[in-house]
Amino acid sequence: MRVYITAGADDDAVMKPKAAAPQPQQQQQAAARRGCRSAVVTGLLAGVLLFRAALLAVEAGASLCPSATGCLDWRAGLGRWLYGGGGGGGDAMEEFMKEWRRTHRAATLLDPVVVEAAPDSLDALMAEMGAALASYDGRLDMEAVAVKMMAMLLKMDRKVKSSRVRALFKRHLASLGVPKSVHCLTLRLAEEFAVNSAARSPVPPPEHAPRLTDASYLHVALVTDNVLAAAVAVASAARSAANPGRLVFHVVTDKKSYVPMHSWFALHPASPAAVEVKGLHQFDWRDGGVVASVMRTVEEVQRSSLDYHRSGGSSAEREHRRLQASKPSTFSLLNYLKIHLPEFFPELGRVVLLDDDVVVRKDLTGLWEQDLDGNIIGAVGAREGGGICTDKTLGDHLNFSDPAVSGLLSSQCAWSWGVNIIDLDAWRRTNVTETYQLWLQKNRESGFRLWQMASLPPALIAFDGRVQAIEPLWHLPGLGRRVPDPEAARSSAVLHFSGPRKPWLEVAFPELRQLWLGHLNASDSFLQGCGVLEWQ
């Protein structure tokens, strides 16, 4: 049903021709008609003016409201409150609101051509309304006005969503690449290794070699190929230690990154702490079973990578997989080789495992001395007494619609890598590594239905029932996704920049990046020469 509003108070005056009247009377009638038209248009445009801020925000590539149509509902209701209650303008708003509510329910049925032809800005809408006024014939189609405004808002919603998708995609791309400054640093260190004998000196020095297997020292392991991140993690832990001379850092890296990693720690020793740098190619495993186990993991990750890129599905699924696979951590072999820590350190009984994207702010002795009560790993899990998960649940990592993982609880709190205390002796007495490898294979054979490809989900299954919850103060994750509460940041022992906005990237949160940069020497010639600190 179409609703029309007449412009004049006297229908006969509009519909019937009248005899010539004295000039003053004609002027009065014309003025009355103009006044009535202005009142009607003012009532109709009140809602438009009230959501002007949302339109301007969309034109700038953002939105002030989660839903543009939701914003207009609120603003149109405010317009009704302001203009309702009598008079031509109030009646027009009342009728318009009836048409708006009816049209809102049928918004999804609008012809895409109508939506695409809707005005792009407030100025364009005003121009169209002005043209409608110029051809005004005495009545206004409320349904046509409501449809036009609804189409305009749907177009606005699409712009908002498109803008957000583009922003997220660009941020995703920015989180993938290696900054030129970091690439420069790697090349400079490799060159220094070739021309400077000091860069090739043993790491650690021969006098510190006995510490590498001495159980009286506090052993910290990092498995990484990022020189700059490893430098900050080691420097922050040594600076925060009550007795840095008790610390022994074991940095495990790949063959490609070994030379620059060795060069950095040879030229920047963390004395009095000891640092060992070891490439995967330098492990001399004489046990054939150990070699076979490590190679099984390597081959499974390579098969998974190949199958993941070949897997089918809809175009949207293939695009999602492509973006997921582009993340550096998705198929990073070093991430998966954490499952072989007992093989990496056969003479150690306990080790603190740190991710490279952390900043240590308190002494790690308390973490080292944690009682694991017979379990293998100590990790931040549930809060004491409340059972409230501090980060994610198993349901956030695993696909519980698949019966293969039905034996677990989706609501169970999930621990994560980043800051862990590990009992290597207890690990060696179990089949956790074999279980991890088996689930990697199961996920690949299922077409990656069990979880999105990553190194943590199979660990959640393999270590189930063997994880000891430790106090949340030891690990504050998510600083690569959000800015934490200041009090939580001050009280936490280790800040973990998990998430896409790593502190060495320009997309990092500026206020959090300073916490990370504070552990780099601004006068260092390598950092200055490559401009590592120029964007701080």
Side-chain angles (χ1 to χ4, degrees), residues 221 223 293-294 296-297 300-301 304 329-330 332 335-345 349-355 367 370-472 474-475 477-478 496 498:
V223 184
S293 178
V294 174
R296 180 185 176 187
T297 302
E300 187 57 48
V301 173
S304 296
S329 60
T330 301
S332 170
N335 279 347
Y336 294 88
L337 289 180
K338 292 176 183 176
I339 200 64
H340 292 287
L341 285 177
E343 289 77 29
F344 288 157
F345 310 110
R350 174 172 283 223
V351 68
V352 171
L353 178 64
L354 298 180
D355 276 4
L367 178 62
Q370 287 281 323
D371 181 9
L372 298 184
D373 195 22
N375 291 298
I376 297 176
I377 288 185
V380 171
R383 294 185 186 276
E384 292 185 5
I388 301 173
C389 296
T390 58
D391 194 14
K392 295 182 179 181
T393 65
L394 294 186
D396 295 319
H397 293 280
L398 304 172
N399 177 18
F400 277 85
S401 64
D402 193 295
V405 295
S406 60
L408 302 171
L409 292 176
S410 63
S411 60
Q412 181 179 332
C413 294
W415 58 274
S416 68
W417 302 118
V419 184
N420 308 103
I421 175 65
I422 300 176
D423 187 336
L424 297 176
D425 288 333
W427 189 335
R428 295 184 184 102
R429 293 192 293 268
T430 67
N431 63 344
V432 163
T433 300
E434 292 77 8
T435 303
Y436 182 94
Q437 295 167 331
L438 176 63
W439 279 99
L440 271 181
Q441 179 181 341
K442 283 186 176 182
N443 188 46
R444 175 177 57 82
E445 293 175 346
S446 73
F448 305 97
R449 290 196 312 269
L450 303 183
W451 63 81
Q452 295 293 333
M453 192 63 193
S455 62
L456 177 61
L460 296 176
I461 300 175
F463 286 99
D464 184 49
R466 297 184 172 97
V467 181
Q468 177 69 27
I470 59 177
E471 296 87 347
W474 286 111
H475 185 194
H496 187 189
S498 54

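Quantities reported herein were computed from a predicted structural model and do not represent experimental measurements.
- Looking only at atom types and distance, the side chain of Q441 has no donor-acceptor partner in the side chain of Q437 under 3.5 Å away.
- By the 4.5 Å heavy-atom criterion applied to side chains, L354 and H496 are not counted as neighbours.
- A salt bridge does not link D373 to R466: none of the charged side-chain nitrogens sits closer than 4.0 Å to a carboxylate oxygen.
- Across all non-hydrogen atoms, the minimal contact from Y336 to A454 is OH-C, 3.4 Å.
- Contact annotation: the side chain of S446 never approaches that of K442 to less than 4.5 Å [non-hydrogen atoms, C-beta and beyond].
- In terms of modelled atom types and a separation under 3.5 Å, the side chain of T393 and the main chain of S410 share a donor-acceptor contact.
- Residues F400 and L409 are not in side-chain contact: their nearest non-hydrogen atoms beyond the backbone lie 4.5 Å or more apart.
- Judged as a salt bridge (Lys or Arg N to Asp or Glu O under 4.0 Å), the pairs with a partner in residues 428-440 (not counting sequence neighbours) are, in order, D425-R428.
- Listed by chain and residue number, nothing satisfies the side-chain hydrogen bond (donor to acceptor under 3.5 Å, both in side chains) test with N335 (two or more places apart in sequence, or in another chain).
- Rounded to the nearest 0.5 angstrom, L460 CG and Q412 CD are separated by 8.5 Å.
- A distance of 9.5 Å separates CG of L341 from CG of N420, quoted to the nearest 0.5 Å.
- Taking all atoms of both residues into account, the shortest heavy-atom contact from L424 to P342 is CD2-N, 4.1 Å.
- Between atom CD1 of residue I421 and atom CD1 of residue I470 there is a gap of 8.5 Å, rounded to the nearest 0.5 Å.
- Residues V432 and I376 form a side-chain contact, since some pair of their non-hydrogen atoms from C-beta on lies under 4.5 Å apart.
- In plain terms, the two heavy atoms of Y436 and P458 that are nearest each other are CE1-CG, 3.5 Å.
- Side-chain contact check for S416 versus H475: some heavy-atom pair is nearer than 4.5 Å.
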Candidate pair T297 and H340, rule side chain to side chain donor-acceptor pair (under 3.5 Å), full reasoning: CA-CA 9 Å; T297 302; H340 292 287; 2.7 Å; yes
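- Aromatic ring orientation, W415 versus F463: perpendicular (interplanar angle above 60°, classes split at 30° and 60°).
- Taking all atoms of both residues into account, the shortest heavy-atom contact from W439 to V405 is CZ3-CG1, 4.0 Å.
- The salt bridge (Lys or Arg N to Asp or Glu O under 4.0 Å) pairs that include a residue from residues 400-413 are D402-R449, where partners are two or more places apart or lie in different chains.
- For the pair W451/I461, a side-chain contact is recorded, criterion being any heavy-atom separation below 4.5 Å from C-beta on.
- Taking every heavy atom of both residues into account, E471 and V380 meet most closely at O-CG2, 3.6 Å.
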Kindly indicate, with the supporting measurements, whether the criterion side-chain contact (heavy atoms from CB on, under 4.5 Å) is fulfilled by I377 and Q468. CA-CA 6 Å; I377 288 185; Q468 177 69 27; over 6 Å; no
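- Rounding to the nearest 0.5 angstrom, the gap separating the CG atom in L353 from the CD1 atom in I422 is 4.5 Å.
- For the pair T433 and S293, the tightest heavy-atom approach, listed with the atom from each and the gap, is CG2-OG, 4.0 Å.
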Does S498 form a side chain to side chain donor-acceptor pair (under 3.5 Å) with W417? I'd like the steps, not just the answer. CA-CA 10 Å; S498 54; W417 302 118; over 6 Å; no
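- In this structure, D423 CG and Q370 CD are separated by 13.0 Å, a value rounded to the nearest 0.5 Å.
- Summarising the geometry, atom CD belonging to E343 is positioned 10.0 Å from atom CG belonging to L337; distances are rounded to the nearest 0.5 Å.
- Just one of L398, L438, N399, L450 meets the side-chain contact (heavy atoms from CB on, under 4.5 Å) condition when paired with N443; it is L450.
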